[in-house]
Number of protein chains: 2
Amino acid sequence: MTLIPHRTVASQLAVQLRGELTKGTWRGWLPSERVLSRTLQASRNTVRAALEQLKADGLIEPVRGLGNRVVGAMHPAPTHDQAKTVGVLIPEPIGRLRPLIALWIDELKDLLIEEGYRLRIHEGRHYYQANPARALERLIGQHPHSAWVLTLSSEAMQRWFVRRGAPCLVAGSTYPEVTLPHYDLDYRAICRHAAGVLLRLGHRRLALLNRESRRAGDVDSERGFLEAVRHSTHPDATADIAYHRDDVESVARALRSLLDRKNPPTALVVSNSYAYLSTACLLAQRGRRVPQDISLISRDDDPFLGSLVPAPTRYRVDPHTFAKKMLGLLLQVLKRTPALRSPALLLPKFTAGGSTCAPARGED
Amino acid sequence: MTLIPHRTVASQLAVQLRGELTKGTWRGWLPSERVLSRTLQASRNTVRAALEQLKADGLIEPVRGLGNRVVGAMHPAPTHDQAKTVGVLIPEPIGRLRPLIALWIDELKDLLIEEGYRLRIHEGRHYYQANPARALERLIGQHPHSAWVLTLSSEAMQRWFVRRGAPCLVAGSTYPEVTLPHYDLDYRAICRHAAGVLLRLGHRRLALLNRESRRAGDVDSERGFLEAVRHSTHPDATADIAYHRDDVESVARALRSLLDRKNPPTALVVSNSYAYLSTACLLAQRGRRVPQDISLISRDDDPFLGSLVPAPTRYRVDPHTFAKKMLGLLLQVLKRTPALRSPALLLPKFTAGGSTCAPARGED
DNA sequence: AGCACTGGTTCGATTATTGGACCAGCGGGC
DNA sequence: GCCCGCTGGTCCAATAATCGAACCAGTGCT
């Protein structure tokens, strides 16, 4: 069972027109768009969408007032002999990524196969370093993929892809003035909401346990978190931020720095589900009970969180939804559809768990 | 220039499905509409619209509660050009399996693609029920894969495949007298070793927290665990076994039954890393510290265990190694190499963590 | 009885497509 | 010059297809 790869009318027309072109049906100029729209039985807008793809392939060149000029003299489909592959950049072995990320990458891989593309995973810390130009240049030189997917991307990486102009899609948020197409969870809204939940429960000293080398999404998280506290109706509400590096040691350090204060926070929002795991364990070691002594919210979701006691209050994401959306955007990148608008961010579903409650009396 | 007659997705699907039907892909029953909608990447409504057309043609006959019956007996010999695909059976959505399992399945998928095979995942509890004959018969009728991979397989499932003679490979251990090719971790050796480690540390009251509906590997685990205690040089050593069902509730129940005894165990071996997670949390809730009050060993490995504090003493597995081995065996099954001997089991690497230590004084 | 599966049905939200309208550039005929 | 009719470029509102989710009723397994 194979899927029909491009099932929109526009793409069907594009395939058909490409066939006619390579067959040499038209020389010099294509029939006018209005004529095509009549003979192909499709609206002019749809025909134009198809022509757009041919233009992206360099097969035709529209001239205003004259028509669409046939420019490539019967290349036997220059896009076809190119290996139809997509590269994914990840910083760590897939087994060490969060399971949820592995899941949507896996799903995207399957979806792409149905579309006739192969997905290749490229793992390496050096692509994520401060100056990744050399590593990236070498990478895309060695692997002529049709497009790239950037996960957990750094600012330098995003800017390099903008500069280089290589077709790519950011799985995550983009930094200011980076115009790459992207898709992500709405971390700003999530953290704003999380802080709001905690404030409503009565907490006044909140803290966010965030990643140290902040990706765009982490920056947004901070923004949302601080917004919620700042604009709250409680002038005595405070927001602290501590940083970890995704490893147990640094989470322990960050947690200690928060708890050893004179007025330690009574509620934490944790920004990585592995870090949440570490946090829960470390709190238990210190004898602090969740949620009686301190409330926890996990910004990120992962299947294993369901096995924790108490169940973490968190924001659930369906990897399938994410993968489908990524596929749609990726196909736009691959077909070079020009009007590529980055869609609205995904707002995950808030799931109240047992890890949050009102703060203890006298604490506040 | 020819027009494409039916350009709606529904009509495309109808054409496609008609092709599959006349090719004789499915005998008896079509895959359920929900499954079709997933594999065809279309909504169920759309699939139903397509099926409506087939019904109008008299090719299928929907039966409420059962499925869509293939009514015309097309070709009696559909096996001539068998698609090169492999089916994998899993009991739960891949996102709910343990990450390690998802990882090796994923890797196997990649490896198979290089060999020219596609790997399809079939998820369903009903394949794992006490009498799965109907479900399995229907499954392999609907999906004529070249071979099947059975994960987390039940005894009934294994015996059905033996009886049916369908080419298959068991990812896991086989039950007595089941002669299917298989590959697994050496759970017997693992649990024997784990018990030995705990005994050497000075523990005398050991317990194994095992799965209730025991798969072959779990049975082996018990055997190894009991062997070690029984054959130890400490006549006062005891071995308890409690059962869980992989969910938090049942783990809590099992744990309570162990700890509420007059002489509760001082060391636990836990047989599923999700259950280990629950166990660690529940112990913390009861105020029992790990490892001072009770030692823990995780029989199974998973990436997230690395974020726990203290780090679980466990047996590490490389999913890559496992997948490679599975590929080799699978290729033998696919090519029907006659002398298919199941290889030696995989013995994972013991990794001492912080979750084990000598028992507290006076306890013993 | 309860559960998990099947097809049957409906709903609203989203998306693709339509069929217009209008603009600006080009060429030919007046 | 001017107008007219052609070209592609852009936008918009109405429509249709599609999606995703919910619910029902029938079936079989536990």
Side-chain angles (χ1 to χ4, degrees), chain A residues 4 6-14 28-38 40-52 54-55 60-69 318 320-321 324-325 327-329 331-332 335 337-339 341 343-344 346 349, chain B residues 4 6-14 28-38 40-52 54-55 60-70 91-93 122-139 142 154 156-157 160 213 245:
Chain A
I4 294 170
H6 310 128
R7 47 173 47 157
T8 70
V9 176
S11 296
Q12 287 178 39
L13 293 184
W29 300 91
L30 259 64
S32 85
E33 296 175 355
R34 286 168 176 85
V35 170
L36 279 177
S37 126
R38 212 174 319 124
L40 295 173
Q41 310 245 8
S43 79
R44 189 157 85 97
N45 282 330
T46 310
V47 170
R48 279 181 58 75
L51 292 176
E52 207 73 50
L54 302 193
K55 188 174 85 175
I60 61 172
E61 175 197 19
V63 184
R64 191 178 254 237
L66 292 179
N68 286 292
R69 175 193 293 281
D318 177 23
H320 179 70
T321 310
K324 281 284 273 246
K325 198 78 183 187
L327 174 72
L329 289 170
L331 288 178
Q332 290 186 45
K335 291 180 195 158
T337 313
R341 81 274 182 246
L346 176 60
K349 193 164 169 289
Chain B
I4 295 175
H6 308 295
R7 48 177 44 155
T8 70
V9 177
S11 297
Q12 288 177 40
L13 293 185
W29 300 92
L30 259 64
S32 85
E33 296 175 356
R34 286 167 178 86
V35 169
L36 279 177
S37 113
R38 209 176 319 129
L40 296 174
Q41 305 279 336
S43 79
R44 190 156 85 97
N45 285 334
T46 311
V47 170
R48 278 181 61 75
L51 291 176
E52 206 71 49
L54 301 193
K55 190 174 82 174
I60 62 171
E61 174 199 18
V63 183
R64 190 178 256 243
L66 291 178
N68 287 291
R69 177 195 290 281
V70 181
E92 290 181 298
H122 300 274
E123 166 244 321
R125 288 209 102 80
H126 43 297
Y127 307 129
Y128 291 79
Q129 63 200 6
N131 186 6
R134 232 184 76 97
L136 289 175
E137 193 65 58
R138 193 167 159 169
L139 178 72
Q142 289 169 350
S154 67
M157 180 188 283
W160 186 87
S213 70
R245 296 180 189 178

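Each chain gets a letter, A, B and so on, in the order the sequences are listed, and its residues count up from 1.
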Q) Quick one: A:Lys349 NZ to D:dA21 P, roughly how many Å, whole number? A) 12 Å

Q) Of all heavy-atom pairs between A:Ser37 and A:Ser43, which one has the smallest distance, and what is that distance? A) CB-C, 4.0 Å

Q. How long is the gap from CE on B:Met157 to CD on B:Gln129, to the nearest 0.5 Å?
A. 9.5 Å

**Q.** Spacing of CZ belonging to B:Arg38 relative to CD belonging to B:Glu123, to within rounding of 0.5 Å
**A.** 6.5 Å

Collect all protein-nucleotide pairs involving nucleotides 28-30 of chain D in which both atoms are nitrogen or oxygen and the distance is under 3.5 Å.
unit_1 : atom_1 : unit_2   : atom_2 : d
D:dT30 : OP1    : B:Ala130 : N      : 2.8
D:dT30 : OP1    : B:Asn131 : N      : 2.7

(Q) What is the separation between atom CZ on B:Arg38 and atom C1' on C:dC5, rounded to the nearest whole Å? (A) 13 Å

Q) Which pair of non-hydrogen atoms, one from A:Ala14 and one from A:Leu54, has the smallest distance, and what is that distance? A) O-CD2, 3.8 Å

Q: Taking all non-hydrogen atoms of both residues into account, name the closest pair between B:Ala130 and B:Ala156 and its distance.
A: O-CB, 3.3 Å

Q: Would you classify A:Ala42 as touching base, sugar-phosphate or nothing, given that sugar-phosphate means primed atoms plus P, OP1 and OP2, and contacts are heavy atoms under 4.0 Å?
A: sugar-phosphate

Q | Protein-nucleotide distance (B:Tyr128, atom OH; C:dC5, atom C1'), rounded to Å | A | 17 Å

(Q) Is B:His126 close enough to C:dC5 that one of its side-chain N or O atoms is under 4.0 Å from OP1 or OP2 there? (A) yes

Q. So, the side chain of B:Gln142 versus the backbone of B:Leu30: is there a donor-acceptor pair under 3.5 Å, distance only?
A. yes

Q: Please examine the side chains of A:Leu51 and A:Glu33, heavy atoms only from C-beta on, and report whether any two atoms are closer than 4.5 Å.
A: yes

Q.
Nearest whole Å is fine: how far is C:dT6 C1' from B:Ile60 CD1?
A. 14 Å

Q: Establish, with yes or no, whether the OP1 or OP2 oxygen of D:dA17 is under 4.0 angstrom from a side-chain nitrogen or oxygen of B:Thr8.
A: no

Q) What nucleic acid atoms does B:Ala49 come within less than 4.0 Å of, heavy atoms only: base, sugar-phosphate, or nothing? A) nothing

Q.
Please report the interatomic distance CG(A:Leu40) to CD(A:Gln12), rounded to the nearest 0.5 Å.
A. 11.5 Å

**Q.** Which atom of B:Tyr127 lies closest to which atom of B:Pro132, heavy atoms considered
**A.** O-CB, 3.3 Å

Write down the protein N/O and nucleotide N/O pairs, taken from nucleotides 1-6 of chain D, whose separation is under 3.5 Å; answer none if there are no such pairs.
none

Can you pull every protein N or O that's under 3.5 Å from an N or O on nucleotides 8-14 of chain C?
unit_1 : atom_1 : unit_2  : atom_2 : d
C:dG8  : OP2    : B:Arg48 : NH1    : 2.8
C:dG8  : OP2    : B:Arg48 : NH2    : 3.4
C:dG8  : O4'    : B:Arg64 : NH2    : 3.2
C:dG8  : N7     : B:Arg44 : NH2    : 3.3
C:dG8  : O6     : B:Arg44 : NH2    : 2.6
C:dT9  : O4     : B:Arg44 : NH2    : 3.3
C:dT10 : O4     : B:Asn45 : OD1    : 3.1

(Q) Rounded to whole Å, please give me the gap between NE2 in A:His320 and C1' in D:dC19. (A) 11 Å

Q) Could you give the CG-to-C1' distance, from A:Leu13 to C:dT17, as a whole number of Å? A) 11 Å

Q. Starting at CG of A:Leu51 and ending at C1' of D:dT7, how long is that distance when rounded to a whole Å?
A. 13 Å

Q. Heavy-atom count around A:Arg44 CZ within 6.0 Å, excluding the residue itself: above 12?
A. yes

Q: First locate atom CG of B:Leu13, then atom CD of B:Gln41, and finally report the distance between them rounded to the nearest 0.5 Å.
A: 11.0 Å

Q: Take the protein atom CD of A:Gln12 and the nucleotide atom P of C:dA16, then report the distance between them rounded to whole Å.
A: 14 Å

Q: Quick one: pull up CZ in B:Arg138 and CZ in B:Arg134 and give me the separation to the nearest 0.5 Å.
A: 6.5 Å

